[in-house]
Structure formats: structure tokens, C-alpha cells
2 protein chains.
Amino acid sequence: MNATLPPNACPPHCRECRLRRTRAFTPVEPGVLDFIEGFRASTLAVPAGGALVHENQANSRMFTLYSGWAFRYKTLSDGRRQILNFLLPGDLVGLQQEFGDLSAHGVEAVTDCALCVFQNDSLWSVFREHPRLGYDITWLAAHEEGHVDDNLLTAGRRNATERLAMLLMHLYRRLERVDLVEADGSVAFPINQQHMADALGLSLVHTNKSLRRLAQLGLHELANGRLRLLNPHALERIAEYYDRPPRLLPLL
Amino acid sequence: MNATLPPNACPPHCRECRLRRTRAFTPVEPGVLDFIEGFRASTLAVPAGGALVHENQANSRMFTLYSGWAFRYKTLSDGRRQILNFLLPGDLVGLQQEFGDLSAHGVEAVTDCALCVFQNDSLWSVFREHPRLGYDITWLAAHEEGHVDDNLLTAGRRNATERLAMLLMHLYRRLERVDLVEADGSVAFPINQQHMADALGLSLVHTNKSLRRLAQLGLHELANGRLRLLNPHALERIAEYYDRPPRLLPLL
DNA sequence: CGAGATCTTGACTAGGGTCAATCAATGTGG
DNA sequence: CCACATTGATTGACCCTAGTCAAGATCTCG
């Protein structure tokens, strides 16, 4: 048993939160920060590959991903899996579960993850006692739906090359916002080609070949779990990726 | 100019709302109903084919679809279009626009539509003054995201036949909930095969052939803008459509 | 009746799926 | 340090689902 915190674990107090120093999130009053910290019931560490939410589990909790990568997914009975979106540090997860009956989706950790878990069944009290936070939560829900919208356009109407270019750009830009790009311009990129295939609605083999093509064109470099974009402009053009003006998001 | 209201127009008062009599929505106190009616700024009729929201328009309004069909969509520059989800009576539309910067999507009327339009820029005041409604709006947002999740699984991982079976079942069940099934078991089904193709990520021709096959198998009948399911059980099996326990939704 | 939509079909093509083998990187136990 | 198992990346061969092109058939509607 080691008393020192691993570097990616949730800090004991929200005011020490690394994410709030990234300029990606709306600043909050100290009082609100205290409320959020009170709303937080616990922290949790989930190892790579572990389930944050089981696909058919009701009543799971709501939480914010503090560090690590995860993804939401749905599967068909014969095993076909669709990744709905990737979850990166700062993302709120599990809002849908709070409302019960909604379509089942699982959440799985790609890497080791640290989470801030919120109190169970207290979402309504948040809205009642702190309408501003309720408003923020709704904003986040709408924002996440926007990501799923994008992914649906990608899976439904882009070809394999465009899909991969989209995925690379999209994730890179999101990582950029939370300061996860290293000085050399590379980012940790822990997903494998099966994840990409499942996110894009492609087969593993075709994902490999299309990704290979992009690499050979000199558009990116992906090795040893690190991604570097060598020609982001070209990737954006291929994917028709439009960077929306970065706007501050709420962080719970 | 005719002073009598067309049959599908929004009634002047929410207490006369047809939708609230359908048992699909959570009952509300009379006082809350008055608040909702006050929040409603106007009603609007949009003709078939008209735009409820332009694809790149910011600051559009939020509204509830009272009658008619519409759909949310995104397009690529060369014209490829993806329908994100269909909007049926009772659906809340445009929440994302309220939050600005979000990914652009258009909303287009399939049939003539009647809408209850809410006051602009007053969403925050709803949360502040009526947290319960804020909570309900969030519920609806999460619910709509659930539909998009389903559609992403469909577009990404189901084959053409499964996609069509899914679409038919999904829309039929939704119409059922708002009492739009006729006594003979048929429903008005105003979308054409291009709409279906764009919703499912298929080409028009392949949509036609796959749909034809389902009809020839005796699973459904679709003609003159009316749909009747002849073998819903088989369609559910093909699509792996799981009817979730119908639960009441909020209605604004 | 003519002009558009929309729906159908057939013929052909191609993007992407399936199968299978190989290779590289890591890890494990002995 | 090595035999062996496991996971992930890569490639080639082949096939099939779904896309494209094109021509009719229906149906509306002014």
C-alpha cells in the first residue's frame, strides 16, 4: 500500500484539479467549486479494459473522467460493436443513466482511468439547488450529442479515408484543448485499430489499409501509442473537418 | 384568409394540446402548464420541404413540434446528406442552438408542420425560475441523444436489411406512443426512399431494393404514404429492435 | 397533356468485408 | 537466456454488399 498518489489520480480537492487550469473550461466561483466538491461522492480508478458502465446496467452513477481514455459503445447480439464516442479528460459521463429507461450503452476504459464520481440519484437536487449547474449539465449533454451527430455523419456518409482523417483530427483537437499535446506536437494515442474500426463502422483490415495509406502520404505518424499530425491541413481538407471556434465548456 | 384553424395547427392554449392527452407524456400541474404557455412565444406553421433551422444558422429558436414530420440533418460540401434523426409530434427541437457554438445541423420539414416556438435566449431563465422544467429539458436532450446513438449503431454496424427493419420499427413505435396509429393499424408515413437512404447511410437504389425485399417477404406494406407492419415480430428480430419499456417523457 | 417527383429494375463496378498467413512486440515461466 | 503464448499490425487473395449508371414505369399536379 502506497500513500503517495499516482500522478493521474484525482486530487483530493477540486481546486487542485489539473483540468481547470487548461483554459478549456468555464471558470467558476469558489463557492460553486465547493458545491461541486460536495456533490462529488468519491473518486474511482478503473484499470485499462475495465468497465465503467456495463452495457445493460441500470442505475449506474454519473461521473467526470479526470484522466485516461474511455469510450461509450453499443453491441449487437452477434458481437458487432459500435463505439459511439470517445471520452477524454473533462468529459461528463453517465447522464443518460440518471434518467433510467434509456437505451443501454456500455462505457469501457481504454487506459487506466481516474474518475470523480457524483452522488447517486441526486441529479434533481442539483437542478433544484443550483440551477446554474443544471444548465451547465444540459449544455454538456447537448455538446456530447453534437459529437455523436458528427460521428453519425462520418459513419453514414464518409468513405474510409475520410473517416480516418476525421477521427485523427477530431481526437487531436480535443486533446489539444485539455493541454495533452506534448512540446514536440505529439499526443498519447492509446486506442488500437480495432477501436478505430468500431468507432468508424469499418472492418479491422480495411481500417489498417486506409490508415496505412494516410501514413504513407505523410499526413500523420502513429507508432508506439503516440500520434503526430504531419499535415493537419490536408487531413482537415480530406475529412471536411471544420474547427469550431473553441468555446469554454462547463466542468463538473 | 380563413379564420378557422386548420386541424393540425397548434391550439391557442396548452390545456387544449392534443399531445397531452396521449399518455406518452408526464402529467403536469396546471400552474406549470401556465408557465409553459407563458414561455411559448408564438406558434409557427412551416410548409412541407421548408427549413425549420438552416444548417449554418446560429441563434435559432427552440420549439416543440406539434404536428407533422421533420428531420435533423448534416451535409458535406459535395451534397452527401446524413439525416441524424426524425422529429415527430412532441419532440423538442433546437436545444443545441441555444448553446451557440455547437455543430451545425439543419432541420427540415417533411410535411407541413406546426410548431410551438419558445422565447429566444430565455432558456437560462427557465432553469432559474423553474428548475423542474430545466431538469425535464435535460431529460429530453439525453433521450434524443439516445436516438442518435441508436442510429449510429444502425449506420455503423447493421446491414441494409437490418437498417430498414430498424427504421420501420423505430418510427412505428414512436408514432404509436403519440396515438398516430389508425384503427386499421396503419400510420401516415410521409418520408420517401431518399429520406430513408439518407437516414440509414445507404444509396437510394439499394434502399429501394432492400425495402422491396422486406415487402415481398410480407413483413410490411408501404404505399400511398401509409405504412402497415404485417409482421412486426419478424422485423424486430431482423433489426434486433428491443422495445424499451415505454416511459413517460416531459412535454414542453 | 407535359414536367417533375418518386419508385423500380437491370447491368456493371468498386469499396470495403472476410479469410488466412506473417511479423513484431511483450510477456511468462522455467 | 530461451520456448511459447498473446496481442496488435500488416498484407495478399478473393468475394460480396452496396454504389453507380441508365432506362422505364407510375403518379402528381398545374
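Since we're looking at a predicted model, the values are computed, not measured. Order of the sequence lines fixes the chain letters, A, B, ..., with proteins taken first and strands second; residue numbering starts at 1 for each chain.
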Value in whole Å for how far the P atom of C:dT18 lies from CG of A:D78: 10 Å
Neighbours of DNA chain C within residues 152-171 of chain A, by heavy-atom distance under 4.0 Å: A:N159, A:A160
Phosphate OP1/OP2 of C:dC7: any B:N208 side-chain N/O under 4.0 Å: no
Integer-rounded Å distance: C:dT8 C1' and B:L211 CG: 11 Å
Distance-only polar pair, side chains of B:E55 and B:T75, donor-acceptor under 3.5 Å: yes
Exercise: identify the closest heavy-atom pair between B:W69 and B:L171: CZ3-CD1, 4.0 Å
Heavy-atom donor-acceptor pair, A:K209 side-chain to C:dG17 base, under 3.5 Å: no
Heavy-atom pair with the smallest gap, counting every atom of B:L65 and B:L87: CD2-O, 3.3 Å
A:E240 versus B:S77, side-chain donor and acceptor atoms under 3.5 Å: yes
A:N224 vs A:S210, nearer the 5' end of DNA chain C by closest nucleotide: A:S210
Spacing of A:R212 atom CZ relative to D:dT10 atom P, expressed in whole Å: 4 Å
Between A:H195 and A:N192, a side-chain donor and acceptor under 3.5 Å: yes
Distance in angstrom units between B:H206 NE2 and D:dT20 P, rounded: 12 Å
Nucleic acid contacts of residues 187-203 of chain B, taken as heavy-atom distances under 4.0 Å to DNA chain C: B:N192, B:Q193
Heavy-atom closest pair, residues A:R157 and B:D198: NH2-OD1, 2.8 Å
Length of the line joining A:R213:CZ and D:dT11:P, which is rounded to integer Å: 11 Å
Verdict with supporting geometry, B:L251 and B:T64, side-chain contact (heavy atoms from CB on, under 4.5 Å): CA-CA 8 Å; B:L251 174 66; B:T64 290; 4.1 Å; yes
Salt bridge flag under 4.0 Å for residues A:D179 and A:R18: no
